[in-house]
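This report refers to the structure that appears directly beneath it.
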Amino acid sequence: MRVRFAPSPTGYLHLGGARTALFNWLYAKHNNGACILRIEDTDRTRSTDEYIDEIIKGMNWLGLECDEGPFRQTDRFDTYKSYVERLLNDGKAYHCYCSPEELDKNRKEAMKEGRALKYNGRCRDLKEPVPGVDPVVRFRMPQEGSTVVDDLIRGTVTFENEQLDDLIIQRSDGTPTYNLTVVVDDVDMEITHVIRGDDHLNNTPRQIQLYQALEYEIPRFAHLPMILGSDKARLSKRHGATSVMAYYDMGYLPDAIVNYLVRLGWSYGDQEVFTRDELIKYFSFESVGKAASIFNPEKLLWLNSQYIMNSSPEELADLVIPFLVKDGTVSEEQELDRQWLSRAVHTLQERAKTLVELAASLRYYIAEEIEYDEKARKKFLNTESRELLVELKEGLDAMTEFSEEGIEKLFKDVAEQHEVKLGKVAQPVRVSLTGGTQSPGIFEVIDVMGKEKTVQRLERAIQSIS
RNA sequence: GGUCCCAUCGUCUAGUGGCCUAGGACACCGGCCUCUCACGCCGGGAACACGGGUUCGAGUCCCGUUGGGAUCACCA
């Protein structure tokens, strides 16, 4: 069992491409088969090496490494040429001398008259070459009967051959075109299952005809439904057709992206969150839907928060460091105590939806100085709370051993003495320590922050009042 | 326009003729928990596009309508 992911390096790996890669990868893993990465770069004007690197980087980040490749089609031009020669010699392809302008004119006329947009076959039976013109090579498409696509997702789809065009398989500059190269490569690379986007379904009968002309076995096909933007239009930059690496920058975990993507069109009962192993075990085309689905950023975000909650603090601590550096919270050389950082991360895990948010909250644990949120300062750091802060500071300063329980007892004692609720005590402290009104439980914050920093910040808060 | 595909809550989906008074998840709205914010828990509103058949019985099968999408390049 062999599958392939065959992106064209004319852009970054976006969510749609990533999902196609994912379904190929899952199907291969599920069946203990191989996944081949093939770069379809025959359009030399639009393909770049930079995009190739970016695509591979994106796949690696998502953990979708292929078993073979990358193979580049531009390295295989001689092979394609020999197949074209074969078709030409067998009379299954012919030279066409029509100019692009002429073709364009015919197309427009056909459009105006409401006919199918199809090559008129002018050069089909030409006996002599036209001098001074570099011809393209067209495939002589059978015009009788019909072609049936047997698709793992869509079932049986029938196309009338008379609808099929004599497609160009080699350009006038001698380079091959897509419909030929896919077939040749899938044959050469012994691909058994072609898994790709829905947008290729209409190409499939043409390719089947090519397989038949070449007398090769036809692989199985599976055409995945598209991913649409919120306006039901094709996914564009606006909705998320940006590079998957942009999601790295936004603080998403690769497993969350994978989990989100797989549930777009595929399901396993009511289960929403899957481990990678479960995905491999359960994946099947039988439970892939046929309808296109709309990309929903909120659900992705929710999944990401789930993955952050369920990750180990140690793992998250490692992952968040680049974001702390980016924020300027720590410098590149700075050595952080990993064990301590993990404790800090642990207090924030169920509050952060992304690594970016996590890094932002971590800032008050790590930074030397904090800034007060102005509204919070006004409301909680005032003469009313000053005495409480002084007592708390002294109490904490006097503690020989720091523990959550001890801190809690101190807070409750102070609250009781002043006959106020715990909230009256906790909020001013929270603002003093974190600068804002939202944070993990105040006892754990103090415990993680440590005596020195806590006392110092309380002192500063008291100073700011007078 | 031709051809092809698709159609269950706003969104992702469960559903493979009776378990459907249509289930779950995100989002939204209440409530509980509580030192704040989250998490968690409990509850709420919200869908079978429409019209014909087939059948004792249809969200599920068939046909049509409507709506959406894809594709028709010397792009892939």
Side-chain angles (χ1 to χ4, degrees), chain A residues 6-10 40-43 45-47 73 96 98-100 103-104 107 110-118 134-138 149 151 154 157-160 162-165 167-173 175-179 181-182 197-205 223 225-226 228 230 232-234 260 263-273 286-287 289-303 305 309 348-353 361 376 380 408 411-412 415 421-427 429-431 434 436-443 445:
Chain A
S8 132
T10 53
E40 310 217 321
D41 57 350
T42 54
D43 182 358
T45 56
R46 295 197 303 150
S47 303
Q73 292 191 320
C96 169
C98 299
S99 69
L103 261 17
D104 198 46
R107 216 172 290 128
M111 181 70 113
K112 213 165 75 189
E113 290 168 31
R115 296 196 324 263
L117 275 46
K118 203 178 142 188
D134 289 331
V136 301
V137 178
R138 280 186 190 272
V149 179
D151 192 278
R154 331 225 65 119
V157 185
T158 306
F159 294 84
E160 295 304 320
E162 61 175 9
Q163 297 294 336
L164 269 27
D165 212 352
L167 46 93
I168 292 172
I169 56 176
Q170 189 176 87
R171 301 185 185 97
S172 52
D173 66 1
T175 59
T177 62
Y178 168 75
N179 279 299
T181 60
V182 250
D198 225 354
D199 47 340
H200 288 290
L201 186 57
N202 286 301
N203 279 324
T204 309
H223 285 97
M226 305 258 84
L228 274 26
S230 49
K232 289 195 170 182
R234 212 196 184 112
Y260 178 71
R263 284 285 289 99
L264 236 40
W266 176 84
S267 61
Y268 186 76
D270 284 339
Q271 192 170 340
E272 294 287 348
V273 183
E286 272 167 52
S287 33
K290 298 174 182 184
S293 41
I294 295 170
F295 173 63
N296 181 297
E298 279 93 28
K299 189 152 184 180
L300 206 208
L301 190 61
W302 172 77
L303 266 168
S305 71
M309 258 189 283
L348 293 165
Q349 261 180 283
E350 61 192 26
R351 274 162 260 261
K353 291 191 195 299
S361 299
F380 294 108
E408 180 166 359
F411 269 65
K412 292 209 161 136
K421 283 190 181 165
L422 191 55
K424 278 278 180 199
V425 188
Q427 280 306 73
V429 175
R430 200 183 311 278
V431 176
T434 70
T437 55
Q438 301 163 8
S439 84
I442 196 65
F443 314 131
V445 169

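Throughout, a chain's letter reflects where its sequence line sits, starting with A, and its residues are numbered from 1. Every value quoted in this text rests on a predicted model; they were computed, and no experiment measured them.
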Between [N] and [X], is there an OP1 or OP2 to side-chain N/O distance shorter than 4.0 Å?
X	N	answer
A/Ser293	B/U13	yes
A/Ser439	B/C37	no
A/Thr42	B/A76	yes

Using a cut-off of 4.0 Å on non-hydrogen atoms, how would the nucleic acid contact of [X] be classed: base, sugar-phosphate, or nothing?
X	value
A/Pro205	nothing
A/Gly436	nothing
A/Thr158	sugar-phosphate
A/Val157	sugar-phosphate
A/His200	base

Provide, to the nearest angstrom, the distance between the CD atom belonging to A/Gln271 and the P atom belonging to B/G15.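 My rounded result for the distance is 14 Å.
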Tell me which nucleotide among [options] gets nearest to the side chain of [X].
X	options	result
A/Glu272	B/A25, B/C4, B/C26	B/A25
A/Arg430	B/C4, B/C35, B/A7	B/C35
A/Arg351	B/C37, B/A27, B/U3	B/C37
A/Asp270	B/G23, B/C4, B/G40	B/G23
A/Thr177	B/U11, B/A70, B/A76	B/A76
A/Ser8	B/C39, B/G2, B/A76	B/A76
A/Asn296	B/A70, B/G10, B/A76	B/G10
A/Phe159	B/C26, B/U3, B/A76	B/U3
A/Lys299	B/G24, B/U3, B/C5	B/G24
A/Gln163	B/C4, B/G2, B/C5	B/G2

What are the two closest heavy atoms between A/Asn179 and A/Val182, and how far apart are they?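 The answer is O-CG2, 3.5 Å.
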Taking atom P in both B/A25 and B/C42, what distance in whole Å separates the two?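 Their P atoms lie roughly 9 Å apart.
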Taking only the P atom of each, what is the distance from B/A47 to B/C32 in whole angstrom?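 Their P atoms lie roughly 28 Å apart.
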Could you identify the nucleotide paired to [N], looking across every strand shown and requiring Watson-Crick or G-U wobble geometry with both distances under 3.5 Å?
N	value
B/U3	B/A70
B/U54	none
B/C20	none

Ignoring hydrogens and geometry beyond distance, is the side chain of A/Asp104 in donor-acceptor contact with the base of B/A73 at under 3.5 Å?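 Between B/A73 and A/Asp104, which were checked side chain against base, a qualifying N/O pair under 3.5 Å is absent.
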For A/Glu272, is there an ion pair with A/Lys299 - N to carboxylate O distance below 4.0 angstrom?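 A salt bridge is present here (some side-chain N lies under 4.0 Å from a carboxylate O).
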Taking [Y]'s backbone N and O only, do any of them form a donor-acceptor pair with [X]'s side chain (distance below 3.5 Å, no angle check)?
X	Y	answer
A/Glu162	A/Leu164	no
A/Thr434	A/Val431	no
A/Asp134	A/Ser172	no

